[in-house]
Every structure is written in structure tokens, then in C-alpha cells.
Amino acid sequence: MPLTVNTQQLVQRYQQLSHEVKAAGVSMLAVSKYAPDEAVQTLIDAGQVQFAESRPQQLRDRSNRWPVCEWHMIGPVQKNKAKYIGRHAAMWHSCDNLETARAVARHVGGRILPVLIQVNIARAPGQHGVSPDAAPALAEALTDVQGLQLAGLMCMAPRGDGVRQAFQTVRRLRDTLFGGSLPESGRAELSMGMSGDFRIAVQEGATMVRLGSVLFGDWDIRK
Ligand SMILES: *Cc1c(COP(=O)(O)O)cnc(C)c1O
């Protein structure tokens, strides 16, 4: 079955969601990992600039095609794909180990890549991210990696219960690691909240939400 984009509905959802999220002072990343190019183009035409991808090659391809947009990396990165992140990502949300961070840093060229540490708040085995206990050590180690700038934390809430609590825990960790709410000097990012829980994340202090299905709709291909 061919996938067709209902442009009108997509733009309508986009306008409603971005209005709601921006009114709360939060950035909205359009998670385009399952969306066809046509849908990406539609959102760009409607004014969206910040996109997020979970696969390095797709991030590279789309950043080459739409270099005026920001392409955020939110998925796992293997070392052999580190160059795509170093070269093309506007921000790397899913940093969870030093070795990969060093590999990414080798490819940033002259720029500074902002990096978030992914915290595995659900402590679910098989999920990515460092445990909250291990985040301070990784944050410390990242300060020595030239080309990267630690800019905050990212998390995915557990499925089911405990969503709000998880967001609160990561927010406290952010406040501890980055010195409270950081006045004018600029605040550290808190990338949390997806389609099913972004309103809770906004209430709990997210600075960026990552919206996929609620924005692009249900026709997307899920694996
Ligand atoms: C896919 C994905 C999202 C978006 O998920 P939706 O539930 O479709 O909004 C957000 N963050 C990460 C890390 C993802 O992999």
C-alpha cells in the first residue's frame, strides 16, 4: 500500500502541537525517523527547523538534503557510524559512553557539538543510557573530550507507571550536575517527553520534547 501524506492534517497537527509546546517555552523536535521525505518537506514549509533521527545514515542523508535544518541524533550510535554524528548532528542526545564520544569527537571538524547524556531511568536492561549513578562520572569525563560540549541530559520514561517520577528524577539529576536552574548564564537542556507523555514532561521541566507519531500520524511504518 503506498504511503501518502495528508498534508493538510499534518500541518494542522504541527500548528497545534508547536503552538502548545512553544507556549510553554519548550522546543519541539520533529522525530522524522519513520516519516517519508515528503512529510519532512511539508513541515519545513510550515516552518519547522528542528528534526530528530535515530539512524546515523538517515541523519546524514537528510542533513545533506536540508542543511538549513537542525538534525538531532536520538538513537544508538555504533563507533563505525560516529563520523555521521560528528559531521552532521546539530546535537547528540544519546551519548552514553566515553569511547563512542571520543569517536564522534574525532569527526566534528572545527565545530563544537553539543551533547546530552542519555540516562536510563527505567534501569531496563537492554535499554540504552547510563544509570543515574553513572551519569556524574561520564559528565566529568566528557569535559576532557575536545570538540564536544556537555549541554544536558536526555531520557525516555518507563512504559506504564512511574512516568512523572522518572522525569522528576532526571530533572533533579540535571539540577545537581549543572548547578540548579542556571540563571542568565543559560540553562542545561532536559530532552524528555515523547508522543505519549510530553505533557507530563513539559510540566516537569523539559526544555525539549521529541515528537514522532503524535505529529506525523499513524500511517508511519513501525518495525
Ligand atoms: C522514536 C523516538 C521518539 C518519538 O517517539 P513517538 O512516541 O513516536 O513520539 C522520541 N525519542 C526517541 C529516543 C525515539 O527513538
Side-chain angles (χ1 to χ4, degrees), residues 3 5-6 9-10 12-18 20-22 24 26-36 39-40 42-43 48 50-60 62 69-78 81 84-85 88-97 100 104 114-124 126-131 135 151-160 162-164 166-167 170-171 174 189-223:
L3 294 170
V5 177
N6 185 324
Q9 281 175 16
L10 175 57
Q12 207 165 41
R13 280 194 302 271
Y14 167 70
Q15 285 171 344
Q16 280 165 2
L17 287 164
S18 71
E20 175 181 349
V21 169
K22 275 177 199 153
V26 174
S27 303
M28 183 178 90
L29 302 190
V31 178
S32 46
K33 61 187 179 190
Y34 298 119
V40 172
T42 298
L43 286 198
Q48 179 67 8
Q50 296 179 304
F51 291 85
E53 290 288 341
S54 60
R55 280 174 308 180
Q57 287 102 325
Q58 186 152 303
L59 181 133
R60 173 202 58 193
R62 288 184 162 172
C69 295
E70 288 180 18
W71 294 93
H72 293 243
M73 182 58 187
I74 60 171
V77 179
Q78 274 153 7
K81 306 281 166 53
Y84 302 142
I85 309 313
H88 299 282
M91 183 180 279
W92 177 23
H93 293 232
S94 45
C95 175
D96 66 359
N97 77 83
T100 310
V104 168
V115 170
L116 310 182
I117 292 175
Q118 181 171 357
V119 178
N120 182 352
I121 195 63
R123 289 174 196 266
Q127 265 197 23
H128 296 279
V130 297
S131 72
L153 301 179
M154 181 272 241
C155 74
M156 294 170 81
R159 285 177 188 278
V163 171
R164 188 177 297 276
F167 289 152
V170 179
R171 184 199 175 139
R174 192 274 316 257
E189 301 287 352
L190 204 44
S191 168
M192 59 187 197
M194 301 167 41
S195 291
D197 54 25
F198 74 94
R199 291 190 173 97
I200 300 173
V202 166
Q203 288 166 0
E204 298 303 336
T207 65
M208 317 174 96
V209 294
R210 309 180 306 268
L211 303 187
S213 48
V214 74
L215 176 60
F216 285 103
D218 289 332
W219 46 264
D220 55 3
I221 311 157
R222 297 267 153 173
K223 303 227 175 70

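Counting convention: from 1, in listed order, for ligands and their atoms alike.
Judged as a side chain to side chain contact (heavy atoms under 4.5 Å, CB included), and not counting sequence neighbours, the contacts of Asp197 are Ala157, Val163, Phe167, Met194. Applying the side chain to side chain donor-acceptor pair (under 3.5 Å) rule to Gln118 yields no partners; only residues at least two apart in sequence or on another chain are considered.
Contacts with ligand 1 closer than 4.0 Å are made by no heavy atom of Ser54, backbone or side chain. Contacts between His93 and ligand 1 below 4.0 angstrom, taking non-hydrogen atoms only, are absent altogether.
When the heavy-atom distances from atom 10 (C) of ligand 1 to Lys33, Met194, Met154 are ranked, the shortest goes to Met194.
Counting heavy-atom neighbours within 6.0 Å of Arg164 CZ, excluding the residue itself, gives a total above 12. Other residues, nucleotides and ligands contribute more than 12 heavy atoms inside 6.0 Å of the CD atom of Gln57.
At least one heavy atom of Ile74 sits under 4.0 Å from some atom of ligand 1.
Minimum heavy-atom separation, Arg210 to Ile74: CD-CG2, 3.8 Å.
Using a 4.0 Å cut-off to heavy atoms of Ser195, the atoms of ligand 1 that qualify are 6 (P), 7 (O), 8 (O), 9 (O). Close approach of ligand 1 to Leu211 is summarised as follows: ligand atoms under 4.0 Å from at least one heavy atom of the residue are 9 (O). Within ligand 1, the atoms closer than 4.0 Å to a non-hydrogen atom of Ser213 are 6 (P), 7 (O), 8 (O), 9 (O), numbered from 1 in the order shown.
By the 30° and 60° cut-offs, the orientation of the rings of Trp71 relative to Phe51 is parallel.
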